[in-house]
**Q** 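Got a structure for you, questions after.
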Amino acid sequence: MDVAQALVMGMQTWGIIGALVALVFISIGIDRIDEDARGAYIFRPLLIPGVLLIWPIVLWRWWQIETECAAWADRYRPVRKSYGLAVIAMSIGIVVIVITGLSVRQTWPDDVAPVQLSEGTSQ
Amino acid sequence: MSVKYTPVQWNPNKWIYDGVMLAAVAAFLWVFLYVTPDALDHERAVDPQIHNARAFGACAFMMLTVILCIGPAARLDKRFLPLLYNRRHFGVMTTFVAITHSGYILNWYFNFSSSDKYVGLLYANSSFGQLAGFPFEIFGIFALICLMILAATSHDFWLKFLTPPVWKRLHYLIYAAYFSVAAHISFGILQDQQNHVFTVMFMAGAAAVILLHLAAWWSERNDPVSKDGAWVKVGPASSFREGFAKIKRLANGDRVAIFLMEGQLSAIANACAHQNGPLGEGKIIDCLVTCPWHGFQYDVRSGRSPAPFTEMVPTYRLRLVGDMVEVHPDANPPGTYVDPLPLPPVATAPIPKGEPA
Amino acid sequence: MSERPFFVGYLPAPGPLRTFLLSMCVLLIAGLAGAGFLMGAAQDDPGPGAFRFDYGRQTVTGVVEMTPYPVIHVVKGNDRIKPGDSFMMTAGGKSGVDGRAMPLNGQLAQVSGIVLERGDLYMMQVRGGRNGLQAAEGDAPEIMAEPQGRWQLTGEICDGKCLAGAMRPGRGLAHKACANLCLLGDVPPIFVSSQPVLGEEFLLVTGPDGTRLPREAYDFVAQYITAEGELTRRGDLLVWEIDIDTIELSE
């Protein structure tokens, strides 16, 4: 119960920080880092859920763009290598989890009868 | 292609796509919710809340399965590419359906108690040490969080802001989410259900996703790689086709698309600036390279999108040694103009007239 | 090399692709509708349990007994509930009436509420406050506990309220977290036996020596288990004091 409460509080805190980051990013940050966003306001509320969820990545990228420390070529390097890895991990994972799930599945034991082990004292 | 961002850049194909997708989802839900109760011959009906939760959960699984089949299907057969075009709306809709499923569960199974329903969800079943009876809700929560992240970062702004490789890595969460959904189902409804129709359909769906992905991955595995070092051989000049590209994979893993346009060769990065789509599998339309995924366009000589668009991709240098076309593996910064390499007119292979288009 | 049709999202789809895409659209809509039917029609029968609002509110008088879960042994019944019946009580939602029943233990009380019924299993969701449960005038007859000996039983631990009809289905592993939440809220736990025991399919299950169902047993809720314990008849209700050290998953 304590762990569950702590987890829920943790998620709330995550969301509150996310909301603060979203406020600053959507009102100030976005204009500084993306010229296509200047003058475009209607789409901005759409970004709020994303910032709430992944605000640490938003801060990291914002900082990268402000300091221009990311190599331009990175943008053109598709992540093909990990595709095979992801696909194989998912495939094996699903096969294992489904087989495990079905193997622990129980059937209703309607063929097992109650067994009286001792007599009641009043009988 | 963005000039100024808008919530959705609508066009007729997107309307059709969304219309068909919503019709399919509505058909599933309507049949499940309103047709099957009559078909079920139960003395007393399943609780409406549980019936609804099952309908939306099953629907989300089916949608996720279809979505995950589209990608590898399009890699194996280009005719499926149009289904890829607006897949993000399909994904966002799936997230809403999954949220509805979780809402019915939370407001039924975890409601009416003295504790907060979110706290109850996390602590009511704490049998983490066992397989049967494991709190399978955890798998569902994880999958839902993944889906929400993917849906919330589906706008084109996120692609440009995060860069396509970071965005794509983030969206690899879909594989973790699908695994998690499979675990959620395996340790949830599959433990209880006596009628095995759902079990069979679930396994068929998961098998389709697995087989298509493995096939797509296998078909791309044996892509030839060039050796490291300067000037890489691409192929004889006669092997190029007007309006199309040859793709060369460099030693560092980058791919170059070498296009023949009006008898001259130009090389640009194969990865589209939008979502790293394979430009080399696109074609030249109105003197512009057009990406097969979302139709982003670039001038093949400079790697720049036509004004007013601002996307840019890197360019590469080419040379002709005898009849052999060679590319230099060092990319030029995005948008760098490179003079196209003229080919001897006899060497090119124009499309013969009369061939079916 | 023939030229394949090339689709650009913001341009009309090329002619040769249209037939293919149209068939894909039809396949998707028909496929999902078909899947909706197959999946929806594959649901199991959730059983006959239900809230009997159709019976109307029931008010009877009886002796309250903490087993330790609150049970009432009816002394003065009505058209539907006869003297000699015994049933468990819960409050609204996922909560019990322990707090209200404890001071009335062994005394005569009037209870009022809605019945939940599943076959032989009866439970009453009593109204809130004193309207639901209040002391009644008169002498309370003594309720004799009749020991029935030690039994090995096979079956499933459920929360009595959902099982009796508060939820359909109200048992099984998909419902385990909800069942645990009910038990934590003092809803009486029920053991569903694989075969009738002394004529009863449903037994009130408790810990040994009049204690509540131990938390260790919650790991086994909704699973099919075999265990041993002393069986006692109280009124017309069987109470099984499960010995948690003997719990094993059934084969």
Side-chain angles (χ1 to χ4, degrees), chain A residues 1-5 7-8 11 30 33-40 42-54 57-58 61-62 65 70 72-84 86-91 93-95 97-108, chain B residues 2-7 115-116 118-123 131-132 145 148-149 151-153 155 157-158 160-166 168-170 172 175-176 178-179 182-183 185-187 190-191 199 203 206 210 213-214 216-217 220-221 253-255 269 271 273 276 310 313-314 331 333-334:
Chain A
M1 178 105 182
D2 292 342
V3 179
Q5 261 163 347
L7 278 172
V8 171
M11 283 193 279
I30 198 168
I33 56 144
D34 192 339
E35 58 189 20
D36 289 344
R38 281 169 210 157
I42 302 171
F43 88 105
R44 294 188 186 192
L46 281 185
L47 307 183
I48 294 172
V51 184
L52 286 182
L53 287 164
I54 59 161
I57 302 179
V58 171
R61 270 302 296 165
W62 185 1
I65 296 171
W72 60 262
D74 290 349
R75 180 175 274 274
Y76 303 95
R77 209 153 275 158
V79 282
R80 287 177 183 242
K81 261 186 203 159
S82 23
Y83 177 72
V87 165
I88 291 171
M90 178 191 73
S91 304
I94 290 176
V95 171
I97 208 82
V98 171
I99 290 176
T100 311
L102 291 179
S103 69
V104 296
R105 193 175 186 279
Q106 290 183 299
T107 43
W108 179 241
Chain B
S2 54
V3 184
K4 286 269 178 278
Y5 292 117
T6 54
S115 54
D116 177 77
Y118 296 97
V119 176
L121 171 66
L122 293 171
Y123 93 91
L131 287 169
I145 291 174
M148 290 201 293
I149 290 176
T153 58
H155 193 273
F157 163 80
W158 291 98
K160 190 178 175 198
F161 172 60
L162 296 175
T163 74
V166 172
K168 195 74 193 168
R169 279 197 186 92
L170 188 66
Y172 269 10
Y175 300 117
Y178 196 69
F179 161 78
I185 293 170
S186 296
F187 287 93
L190 250 52
Q191 297 292 322
T199 311
M203 293 206 287
I210 289 175
H213 275 89
L214 289 177
W217 167 69
E220 290 194 347
R221 247 181 89 248
D254 290 357
R255 284 171 168 81
N276 284 176
T310 54
V313 293

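Keep in mind that this is a model prediction, so the values were computed, not measured. Proteins get letters first, then strands, A, B, ... in listed order; numbering begins at 1 in each.
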**Q** When you compare the side chain of A:R105 with that of B:T199, does any pair of heavy atoms fall below 4.5 Å?
**A**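 No, side chains not in contact.
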**Q** Restricting to non-hydrogen atoms, name the atom on B:L122 and the atom on A:A4 that form the minimum distance, rounded to 0.1 Å.
**A**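 Smallest heavy-atom distance, with atoms named: CB-CB, 3.7 Å.
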**Q** Between B:Q191 (side chain only) and A:G101 (backbone N and O only), is there a donor and an acceptor less than 3.5 Å apart?
**A**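 Looks like yes, one N/O pair under 3.5 Å.
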**Q** Please assess A:V58 against B:W158 for the test side chain to side chain contact (heavy atoms under 4.5 Å, CB included), listing each intermediate value before the final yes or no.
**A** CA-CA 10 Å; A:V58 171; B:W158 291 98; 3.7 Å; yes
**Q** Between B:Y118 and chain A, which part of the residue has a heavy atom less than 4.5 Å away: side chain, backbone, both or neither?
**A**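 For B:Y118, heavy atoms of backbone and side chain both lie under 4.5 Å from chain A.
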**Q** I'd like to know if the side chain of A:R61 reaches the main chain of B:F161, judged simply by a donor and an acceptor atom lying under 3.5 Å from each other, with no hydrogens or angles considered.
**A**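 Side chain of A:R61 to backbone of B:F161, a donor-acceptor pair under 3.5 Å: yes, one is there.
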**Q** Nearest heavy-atom pair of A:F43 and B:P7: which atoms, and what distance?
**A**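 The pair with the smallest heavy-atom distance is CB-N, 3.7 Å.
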**Q** What's the verdict on side chain to side chain contact (heavy atoms under 4.5 Å, CB included) for A:Y76 and B:D254, showing C-alpha distance, side-chain angles and the deciding distance?
**A** CA-CA 8 Å; A:Y76 303 95; B:D254 290 357; over 6 Å; no
**Q** Is A:R75 reaching over with its side chain to a backbone N or O of B:K160, donor-acceptor style, under 3.5 angstrom?
**A**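 Such a contact is found between A:R75 side chain and B:K160 backbone.
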**Q** Identify which of A:G93, A:S91, A:G84 forms the greatest number of heavy-atom pairs closer than 4.5 Å to chain B.
**A**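 Among A:G93, A:S91, A:G84, the one with the most close pairs to chain B is A:S91.
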**Q** Side chain, backbone, both or neither: which part of B:A132 has a non-hydrogen atom closer than 4.5 Å to chain A?
**A**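 Both backbone and side chain of B:A132 come within 4.5 Å of chain A.
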**Q** Check whether any side-chain heavy atom of A:W72 lies under 4.5 Å from a side-chain heavy atom of B:T163, and answer yes or no.
**A**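 They are not in side-chain contact.
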**Q** Give the C-alpha distance, both sets of side-chain angles, the deciding distance and a yes or no for side chain to side chain contact (heavy atoms under 4.5 Å, CB included) between B:F157 and A:I30.
**A** CA-CA 10 Å; B:F157 163 80; A:I30 198 168; 3.6 Å; yes
**Q** So which part of A:I33 gets closer than 4.5 Å to some heavy atom of chain B, the side chain, the backbone, both or neither?
**A**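 Side chain of A:I33 only, per the 4.5 Å heavy-atom cut-off to chain B.
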**Q** Is there side-chain contact between B:Y5 and A:L47, with heavy atoms separated by less than 4.5 Å?
**A**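 They are not in contact (no side-chain heavy atoms under 4.5 Å apart), so the answer is no.
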**Q** Considering only heavy atoms and a distance below 4.5 Å, find which of A:D34, A:L7, A:I57 pairs most often with chain B.
**A**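 So the answer, after comparing A:D34, A:L7, A:I57, is A:D34.
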**Q** Could you measure the distance from the OH atom of A:Y83 to the NE2 atom of B:H213? Nearest 0.5 Å is fine.
**A**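 With rounding to 0.5 Å, OH (A:Y83) is 4.0 Å from NE2 (B:H213).
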**Q** Would you compute the distance between atom CD1 of A:I97 and atom CG of B:L190 and round it to the nearest 0.5 angstrom?
**A**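 Reported value, rounded in 0.5 Å steps: 11.5 Å.
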**Q** So, taking the atom named CD in A:E35 and the one named NZ in B:K4, what distance separates them when rounded to the nearest 0.5 Å?
**A**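 So the CD of A:E35 and the NZ of B:K4 are separated by 7.5 Å.
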**Q** Contact between B:L214 and A:V87 at the side-chain level, heavy atoms closer than 4.5 Å - yes or no?
**A**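 Sidechains of A:V87 and B:L214: in contact.
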**Q** I'd like to verify something: which residue of B:A273, B:P164, B:P333 has the highest number of heavy-atom pairs under 4.5 Å with chain A?
**A**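 Ranked by contacts with chain A, first place is B:P333.
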**Q** To check you understand the geometry: which heavy-atom pair defines the closest contact between A:I94 and B:F179, and what is its length?
**A**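 The answer is N-CD1, 3.7 Å.
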**Q** So what's closer than 4.5 Å to chain A heavy atoms on B:M203: side chain, backbone, both or neither?
**A**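 Contact with chain A is through the side chain of B:M203 alone.
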**Q** What residues, two or more places apart in sequence or in another chain, satisfy side chain to side chain donor-acceptor pair (under 3.5 Å) together with B:T153?
**A**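 By the side chain to side chain donor-acceptor pair (under 3.5 Å) rule, B:T153 matches B:H171.
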**Q** Chain A: which of B:I145, B:I185, B:V313, B:D116 shares the most heavy-atom pairs with it under 4.5 Å?
**A**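 Among the listed options, the one with the most contacts to chain A is B:V313.
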**Q** Sort out for me which of B:P334, B:A176, B:A271 touches chain A most, counting heavy-atom pairs under 4.5 Å.
**A**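 Sorted descending by pairs with chain A, the first entry is B:P334.
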**Q** In terms of heavy-atom pairs under 4.5 Å with chain A, which of B:G120, B:A206, B:A183 leads?
**A**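 Looking at each of B:G120, B:A206, B:A183 in turn, B:A183 comes out on top.
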**Q** If every non-hydrogen atom of A:P49 is compared with every non-hydrogen atom of B:A152, which pair is closest and at what distance?
**A**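 Of all heavy-atom pairs spanning A:P49 and B:A152, the closest is C-CB, 3.8 Å.
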**Q** With a 4.5 angstrom heavy-atom cut-off, is it the side chain or the backbone of B:A151 that approaches chain A, or both, or neither?
**A**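 For B:A151, no heavy atom lies under 4.5 Å from chain A.
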**Q** For the residue pair B:F187 and A:T100, establish whether any side-chain heavy-atom pair is separated by less than 4.5 Å.
**A**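 Touching, per the 4.5 Å side-chain cut-off.
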**Q** Got a second to check how far B:L170's CG is from A:L53's CG, nearest 0.5 Å?
**A**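 Here the rounded value is 10.0 Å.
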